[in-house]
Amino acid sequence: VKWGTTMGFGEAVAQVFKKYATFSGRARRSEYWYFILFYSLASMAIIFIEAFAGLATLEGSMSPVSGVFTLAVFLPSLAVSVRRLHDIDRSGWWTLLILIPLVGYIVLLVFFVKNGTDGPNRFGTDPKSLGSVVEEF
């Protein structure tokens with residue numbers, strides 16, 4: 001990641017899987033939303049392949065492929081959501097809002113699209129700052 005630039009699609013997905021179950025620190029908007037895009041595209045591809053291969057069921061139960069994918073991305077999805085909340089200086093416990101139908105989704109959506117706090121906050125350094133990009137050097 002270069003200072004002042006957004007993460008690319010591949011870089012963001014790789015970063016989320018690199019921090020597979022890391023709930024500390026902060027995640028940029030680009031990291032979070034590119035991972036959501038990856039998850040959505042991969043889910044659609046799996047559904048298409050399952051339908052083409054005859055693995056999909058009308059009852060809506062998961063095939064083994066969907067089940068394995070869902071299990072594989074559950075922890076990184078949760079972790080990047082918590083880190084995204086940390087970026088706006090909110091506790092990861094706010095993810096529990098998802099349990100409140102409709103209202104929880106809307107509040108979390110608003111949180112996830114907000115710009116992160118500038119500079120360090122109680123959850124770490126600003127992921128957009130030059131100091132947090134030491135890995136590149």
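- Side-chain atoms of L96 and L99, non-hydrogen and from C-beta on, do get closer than 4.5 Å to each other.
- To the nearest 0.5 Å, the span separating OG1 on T22 from CG on L75 amounts to 10.0 Å.
- Judged by a 6.0 Å distance limit and a 45° cone about the ring axis, R90 is positioned over the six-membered ring of W94.
- By the criterion of side-chain heavy atoms lying less than 4.5 angstrom apart, applied directly or through intervening Ile, Leu, Val, Met, Phe, Trp or Tyr residues, F35 is grouped together with M44 in one hydrophobic cluster.
- Aromatic ring orientation, F52 versus F48: parallel (interplanar angle below 30°, classes split at 30° and 60°).
- Look at R28 and D87 and you find no salt bridge, because none of the NZ, NE, NH1 or NH2 atoms lies under 4.0 Å from a carboxylate O.
- Within the 4.5 Å cutoff, the side chain of S66 has heavy atoms near those of the E50 side chain.
- Shown here for D89 and R122, the closest heavy-atom pair between the two residues is OD1-NE, 3.0 Å.
- Distance check, rounded to the nearest 0.5 Å: CD1 of I46 to OG1 of T70 gives 7.5 Å.
- No side-chain heavy atom of S30 sits less than 4.5 Å from a side-chain heavy atom of F9.
- The hydrophobic cluster containing V73 does not contain I49, counting ILVMFWY residues as joined when their side-chain heavy atoms lie under 4.5 angstrom apart, directly or transitively.
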Legend entry - Residue pair K128, N115: steps toward the side chain to side chain contact (heavy atoms under 4.5 Å, CB included) verdict: CA-CA 11 Å; K128 291 182 183 178; N115 196 15; 3.2 Å; yes
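- Salt bridge E31/R84: absent, no basic N to carboxylate O contact under 4.0 Å.
- At least one side-chain heavy atom of V82 sits under 4.5 Å from a side-chain heavy atom of T95.
- Test F69, Y34, Y32 against Y39 for ring-ring contact (aromatic ring centres under 6.0 Å, His included) and you get one pass: F69.
- Side-chain atoms of F123 and S24, non-hydrogen and from C-beta on, never get closer than 4.5 Å to each other.
- Residue F23 places its CZ atom among more than 12 non-hydrogen atoms of other residues, nucleotides or ligands, all under 6.0 Å distant.
- A donor-acceptor pair under 3.5 Å is absent between the side-chain atoms of R83 and the main chain of G25, judged by distance alone.
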Inset, instruction - Evaluate the criterion side chain to side chain donor-acceptor pair (under 3.5 Å) for residue pair R26 and T117; output intermediate values, then yes/no. - result: CA-CA 10 Å; R26 295 167 63 172; T117 54; 3.2 Å; yes
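- Atom OH of Y105 is surrounded by 12 or fewer heavy atoms from other residues, nucleotides or ligands within 6.0 Å.
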Legend entry - F38/F17 under side chain to side chain contact (heavy atoms under 4.5 Å, CB included): CA gap, chis, key distance, verdict: CA-CA 12 Å; F38 160 77; F17 280 114; 3.7 Å; yes
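- Grouping the Ile, Leu, Val, Met, Phe, Trp and Tyr side chains by contacts below 4.5 angstrom, directly or via other members, places V103 with L109.
- We find the CG-CG distance between L97 and L85 to be 8.5 Å, quoted to the nearest 0.5 Å.
- Classification of the W33-F112 ring pair by plane angle, with boundaries at 30° and 60°, yields perpendicular.
- By the criterion of side-chain heavy atoms lying less than 4.5 angstrom apart, applied directly or through intervening Ile, Leu, Val, Met, Phe, Trp or Tyr residues, L37 is grouped together with L78 in one hydrophobic cluster.
- Under the 4.5 Å side-chain heavy-atom criterion for Ile, Leu, Val, Met, Phe, Trp and Tyr, Y20 and V16 are members of the same hydrophobic cluster.
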